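First up is the structure itself, then whatever we jot down about it.
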Amino acid sequence: MRIQTLLLVATVSFSVIVAGCGGGDEEPAATSETVEETPAPTAEPAGTASIAGTINFSGTAPERPAITLDRECRALHEGDVLTENTVVNDNGTLRWAFVYVKDGLGDRTFAAPAEEVTFDQRGCMYSPHVFGVQVGQTVRILNSDTFLHNVNSQPEQRSNKFNFGMPLQGMEKEQKFRTTEVMVKIRCDVHGWMGAYAGVLDHPYFAVSGEDGSFSIEGLPAGTYTLEAWHETLGTQTMEVTVGDGEAATADFAFAASS
Ligand SMILES: [Cu+2]
């Protein structure tokens, strides 16, 4: 809060200074020629290629056991809460697969987007179960429950380590990941069944398969990419995909029931 106040003061002061320097009708307007000679620095232009596909599943869908909730958490649900570790959709596809460009972007760099990722603790479950985020992007962590959860990351990279409690309903905390890592597990030590995974990348080319098993990665530069699909219990698969400007490539993955 104090930092935000200071920033606000700094911003206001800066605005005043700028207004003080730039004021006056006599100031000549910049000509279009001037603008063309000194273009403002821009981020790498987004590409026009895309890769979309489906995470297929074959074999017998594993049971999704009901989670044994404690009394406090069970009171928040009408019926059973099922595990999310392996979710086979009605159409025979997999939910919660993290698909991302693993290789092929070269030395391009991508600034962290201003949009936040929201990560909620609700009904003694993390939501979403799997998500992607860029290094330096803000994750807004919420506690929608009326009691304590903690958010304890389990990274390989030390700089992605955090662990804090959120005891009150409506609490929010901003958190960032510092280093690329696929995946970082997050757990709650109060409720042992609570688990989620974050895929941390230095670019925006990732997606999580949904309730129809589909994913879509857009805005890619033309190129040849190694695409990886990660699944919590079924491992990873990679595929090489070449896509040109304005083209839409298809990349379907096929996971099988583990024996
Ligand atoms: Cu918890």
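When a ligand or atom number is given, it counts from 1 through the structure's own listing order. Predicted model only: the values in this text are computed from it and were never measured.
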All N/O donor-acceptor pairs, side-chain side in residues 100-107, below 3.5 Å, sequence neighbours left out:
unit_1	atom_1	unit_2	atom_2	d
Y100	OH	E228	OE2	2.6
K102	NZ	E228	OE1	3.0

Only pairs under 3.5 Å count here: list side-chain donor-acceptor contacts from residues 235-248, not counting sequence neighbours, and write none if there are none.
unit_1	atom_1	unit_2	atom_2	d
Q237	NE2	A254	O	2.7
T242	OG1	T224	OG1	2.8
E247	OE1	G244	N	2.9

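When side chains are defined from C-beta on, W96 does not count as touching E232, because their heavy atoms never get closer than 4.5 Å.
Counting only residues at least two apart or in different chains, side chain to side chain donor-acceptor pair (under 3.5 Å) contacts with residues 52-78 are absent.
Using bins of under 30°, 30° to 60° and over 60° for the plane-to-plane angle, the ring pair F255/H231 lands in the tilted bin. Between F253 and F215, the angle of the ring planes lies from 30° to 60°, which puts this pair in the tilted group.
If you look at the Cu ion (ligand 1), the protein N, O or S atoms less than 2.8 Å from it are H149 ND1, C188 SG, H191 ND1, M194 SD.
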